[in-house]
S.K.: 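My questions will all concern the structure given below.
So that the names make sense, note that chain A is the first sequence line, chain B the second, and so on, each numbered from 1. Just so we're clear, the structure is a prediction, and the values are computed from it rather than from any experiment.
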2 protein chains.
Amino acid sequence: MISMRSKYALKALGYMSRTSEKESFLIADIAQTEGIPKKFLEAILLTLKNNGILSSRKGPGGGYSLAKAPAQVTIGAVVRAFEGDLAPVQCLSESASASCPECADEDTCGIKLVMADAGNAFASVLDSVTLADMLQRSEFERQRRQQVVDFTI
Amino acid sequence: MISMRSKYALKALGYMSRTSEKESFLIADIAQTEGIPKKFLEAILLTLKNNGILSSRKGPGGGYSLAKAPAQVTIGAVVRAFEGDLAPVQCLSESASASCPECADEDTCGIKLVMADAGNAFASVLDSVTLADMLQRSEFERQRRQQVVDFTI
DNA sequence: TGAGAAGTCTACAATAAATATAGACAAAGC
DNA sequence: GCTTTGTCTATATTTATTGTAGACTTCTCA
């Protein structure tokens, strides 16, 4: 289960990608449009900036903007900014205190081997989809459903 | 990230599957062998029983035993007993209050569509591996490493 | 038939983490 | 130098996880 942080980040980035006529976005604007607590979003956008996904300018006329094209930002990169590596068990995490203390032999632990496969499968999907793909997919789905409605009415 | 509950459950089941000469296991025995807090394990085994993975008998000579052969129990079934459905976002969860309140149009939400793919990829792996597979995999890895050691010495 | 062995249940304590908020601060533009 | 806007630090709130305590039930076997 990914955190609200990641979800809010994806919502904010989706909004920014979708609204290409604007080139700069105020925190307050994004927060209100996407229904995200403003102060919370503030920290989220900062994290995205520190991960090279957003850039910012202070002062009047300032705000946040995408540092890369939506087709250059994978969902995996966004989620990883908040969830760390996407390891399903701690002993698979590169960062911090990785090993599980109670594991007799970590190298041959079956749980670890299986979870590595599952985690890789999960991460592969997120790494293969960009913000642009996500929007396109959503739009495609919208039109598909629209057509179904048209036919049934 | 899966919870300790799931990990402890897999460790306990791994031990029970591996130790086929015993047919009944005491909570205290499993707890000590696998280094799991006894009282915590107690609740975990009960959950596994309620999910049809274990059976139990009270009284002297009693204890827990596997309700199915290790090859009949998938890792997915075990993990699901503790993590519910393996949905990476709440709005994909069948159980409980599923929908995300702030989502404008859940049907066409790109985040949901992408996460559904990722979650399915994750679950597919766990559903395709049984306890027996997990043990075999671990044993295979142990022998592989053993050989490497033999060659290098 | 009753003593002891084992699982079952309820309640709760102790952390830890996620979520969210407040308010001071810094930089940029006019 | 005033306003706008992002940045930072600290902290509150809530929720979930992890773990513990103790009473209770069921079973077996002497």
Side-chain angles (χ1 to χ4, degrees), chain A residues 1-9 11-12 16 22-32 34-51 53-65 67 79 81-84 88-90 93 95-97 100-102, chain B residues 1-9 11-12 16 22-32 34-51 53-65 67 79 81-84 88-90 93 95-97 100-102:
Chain A
M1 191 79 93
I2 68 171
S3 63
M4 288 305 276
R5 287 177 144 82
S6 297
K7 218 162 92 178
Y8 285 158
K11 294 191 75 162
M16 294 172 80
K22 286 194 194 177
E23 54 185 43
S24 174
F25 298 82
L26 301 186
I27 298 177
D29 168 29
I30 302 172
Q32 179 161 18
E34 295 295 320
I36 302 169
K38 177 165 168 288
K39 274 294 190 177
F40 196 29
L41 179 61
E42 190 180 294
I44 291 167
L45 296 183
L46 201 53
T47 299
L48 290 174
K49 177 185 175 177
N50 292 334
N51 282 75
I53 295 170
L54 291 179
S55 59
S56 69
R57 261 185 34 224
K58 289 183 178 181
Y64 276 101
S65 37
V79 175
F82 300 96
E83 316 290 325
V89 286
Q90 195 152 21
S93 174
S95 59
S97 56
C100 45
E102 80 283 1
Chain B
M1 191 80 92
I2 68 170
S3 63
M4 288 305 275
R5 288 178 144 83
S6 297
K7 218 163 91 179
Y8 285 157
K11 294 191 75 163
M16 294 172 80
K22 285 195 196 178
E23 55 183 45
S24 173
F25 298 82
L26 301 187
I27 298 177
D29 167 31
I30 303 172
Q32 180 161 19
E34 295 296 320
I36 303 170
K38 177 164 166 288
K39 273 294 190 177
F40 197 29
L41 179 60
E42 190 180 294
I44 291 167
L45 297 184
L46 201 51
T47 299
L48 290 173
K49 176 186 173 176
N50 292 334
N51 282 74
I53 294 170
L54 290 180
S55 59
S56 68
R57 261 188 31 227
K58 289 184 177 180
Y64 276 100
S65 37
V79 175
F82 300 95
E83 316 290 326
V89 286
Q90 195 153 19
S93 175
S95 60
S97 55
C100 45
E102 79 285 1

S.K.: Taking only residues two or more places apart in sequence, or in another chain, which ones meet Phe82(A) in a ring pair (Phe, Tyr, Trp, His ring centres under 6.0 Å)?
M.R.: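 So Phe82(A) forms no ring pair (Phe, Tyr, Trp, His ring centres under 6.0 Å) with any residue.
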S.K.: Rounded to whole Å, how long is the line connecting atom CG of Leu46(B) with atom C1' of dT20(D)?
M.R.: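 Rounded to the whole Å, the gap is 16 Å.
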S.K.: What is the separation between atom CD1 on Ile44(A) and atom C1' on dG6(D), rounded to the nearest whole Å?
M.R.: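 Roughly 15 Å, once rounded to whole Å.
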S.K.: For Gln90(A) and dA17(C), what is the distance between atoms CD and C1' respectively, to the nearest whole Å?
M.R.: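 After rounding, the gap between these two atoms is 13 Å.
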S.K.: Rounded to whole angstrom units, what separation is found between the NZ atom of Lys49(A) and the P atom of dG6(D)?
M.R.: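 My rounded result for the distance is 10 Å.
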S.K.: Enumerate the protein-to-nucleotides 18-22 of chain C contacts in which both atoms are nitrogen or oxygen and the separation is below 3.5 Å.
M.R.:
{"from": "dT19(C)", "atom 1": "OP1", "to": "Met4(A)", "atom 2": "N", "distance (Å)": "3.0"}
{"from": "dT19(C)", "atom 1": "OP2", "to": "Met4(A)", "atom 2": "N", "distance (Å)": "3.2"}
{"from": "dA20(C)", "atom 1": "OP2", "to": "Tyr8(A)", "atom 2": "OH", "distance (Å)": "3.3"}

S.K.: Test your reading of the model: is there a side-chain donor-acceptor pair from Ser24(B) to the backbone of Gly62(B), 3.5 Å cut-off?
M.R.: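 Yes, the answer is positive, given that a donor and an acceptor are paired below the 3.5 Å cut-off.
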S.K.: With sugar-phosphate meaning primed atoms plus P, OP1 and OP2, does Phe82(B) contact a base, only sugar-phosphate, or nothing at under 4.0 Å between heavy atoms?
M.R.: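 Nothing: the residue Phe82(B), judged by heavy atoms under 4.0 Å, touches no strand.
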S.K.: Met1(B) has an atom CE; how far is it from atom P of dA17(C), in whole Å?
M.R.: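 Distance, rounded to whole Å: 10 Å.
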S.K.: Which part of the nucleic acid, if any, lies within contact of Leu26(A), taking any heavy atom under 4.0 Å across all strands shown: a base, the sugar-phosphate backbone alone, or nothing?
M.R.: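 Sugar-phosphate, backbone atoms only, no base.
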S.K.: What are the two closest heavy atoms between Met16(A) and Tyr64(A), and how far apart are they?
M.R.: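 So the minimum-distance heavy-atom pair works out to CE-O, 3.6 Å.
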S.K.: Output, in order, the C-alpha distance, side-chain angles, deciding distance and verdict of side chain to side chain contact (heavy atoms under 4.5 Å, CB included) for Leu41(B) and Glu34(B).
M.R.: CA-CA 10 Å; Leu41(B) 179 60; Glu34(B) 295 296 320; over 6 Å; no
S.K.: Side chain to side chain contact (heavy atoms under 4.5 Å, CB included), that's the test. Do Ser6(A) and Glu83(A) meet it? Break it down for me.
M.R.: CA-CA 8 Å; Ser6(A) 297; Glu83(A) 316 290 325; 2.6 Å; yes
S.K.: OP1 or OP2 of dA6(C) less than 4.0 angstrom from a side-chain nitrogen or oxygen of Ser56(B), does that happen here?
M.R.: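 The answer is no; no side-chain N or O of Ser56(B) sits under 4.0 Å from OP1 or OP2.
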S.K.: Is there a side-chain contact between Leu48(B) and Leu45(B), using heavy atoms and a 4.5 Å cut-off?
M.R.: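 In contact.
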S.K.: Grab the two heavy atoms, one from Ala81(B) and one from Thr47(B), that are nearest each other, plus how far apart they are.
M.R.: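 Heavy-atom minimum between the residues: O-CG2, 3.7 Å.
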S.K.: Does the pair Ile30(A) and Tyr8(A) meet the rule for a side chain to side chain contact (heavy atoms under 4.5 Å, CB included), with working shown?
M.R.: CA-CA 10 Å; Ile30(A) 302 172; Tyr8(A) 285 158; over 6 Å; no
S.K.: Of all heavy-atom pairs between Lys38(B) and Ala31(B), which one has the smallest distance, and what is that distance?
M.R.: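 Looking at all heavy atoms of both residues, the shortest contact is CA-CB, 3.8 Å.
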S.K.: Might you list the N or O atoms of the protein lying below 3.5 Å from N or O atoms in nucleotides 27-30 of chain C, with each pair's distance?
M.R.:
{"from": "dA27(C)", "atom 1": "O4'", "to": "Lys58(A)", "atom 2": "NZ", "distance (Å)": "3.4"}

S.K.: Send over the distance from Asp29(A) CG to dT5(D) C1', rounded to a whole Å.
M.R.: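 Those two atoms, CG and C1', are 13 Å apart.
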